[in-house]
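We're numbering straight along the sequence, starting at 1. All values reported here derive from a predicted model rather than from experimental measurement.
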Amino acid sequence: AAVRRAAVVGVGPDGLRQAVAVIETLPPTPRPGLADPEVTRAVRESCGIPLVAVLAVPHLPTDIRHNSKIDRSRLSVWADRMLAGRKPMAP
């Protein structure tokens with residue numbers, strides 16, 4: 001109930017990529033970062049694959065050509081940077 005939209009993206013080097021869920025929360029999170037522990041647990045329990053992290057963002061980026069389609073390639077790069085300890089910023 002706390003998730004508005006979600007995308008699962010891969011992070012890490014080719015051949016060793018791991019799944020990460022990136023979610024829009026209800027109400028929207030004020031800034032990007034790790035999701036609340038309760039929400040993380042619920043997302044992991046509802047997902048059919050192991051997730052190394054659940055990240056929350058105010059808004060998921062959309063593909064320029066298809067405004068409703070989530071830009072997963074952009075999210076993947078962003079999630080990789082976040083999990084590497086870079087400064088939190090919007091994807």
State whether the number of non-hydrogen atoms from other residues, nucleotides or ligands found under 6.0 Å of [X] atom [atom1] is greater than 12.
X     : atom1 : value
Arg44 : CZ    : yes
Arg17 : CZ    : yes
Glu45 : CD    : yes

For the residue pair Pro61 and Trp78, establish whether any side-chain heavy-atom pair is separated by less than 4.5 Å. no

Tell me whether [Y] is reachable from [X] by hopping between hydrophobic residues (I, L, V, M, F, W, Y) whose side-chain heavy atoms are closer than 4.5 Å.
X     : Y     : answer
Ile49 : Ile23 : yes
Val52 : Val43 : no
Val39 : Leu51 : yes
Val57 : Val20 : yes

Return the [atom1] to [atom2] distance between [X] and [Y], rounded to the nearest 0.5 Å.
X     : Y     : atom1 : atom2 : result
Asp80 : Leu75 : CG    : CG    : 12.0 Å
Leu34 : Thr29 : CG    : OG1   : 10.5 Å
His59 : Ile70 : NE2   : CD1   : 13.0 Å

May I have the list of side-chain donor-acceptor pairs in residues 2-12 shorter than 3.5 Å, sequence neighbours left out?
from : atom 1 : to    : atom 2 : distance (Å)
Arg4 : NH1    : Glu24 : OE1    : 2.5
Arg5 : NE     : Glu24 : OE2    : 3.3
Arg5 : NH2    : Glu24 : OE2    : 2.9
Arg5 : NH2    : Leu60 : O      : 3.4

To which residues is Leu26 joined in a hydrophobic cluster, defined by side-chain heavy-atom contacts under 4.5 Å among Ile, Leu, Val, Met, Phe, Trp and Tyr, whether direct or through other members?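 Once heavy-atom contacts under 4.5 Å are chained together, Leu26 still belongs with nothing else.
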
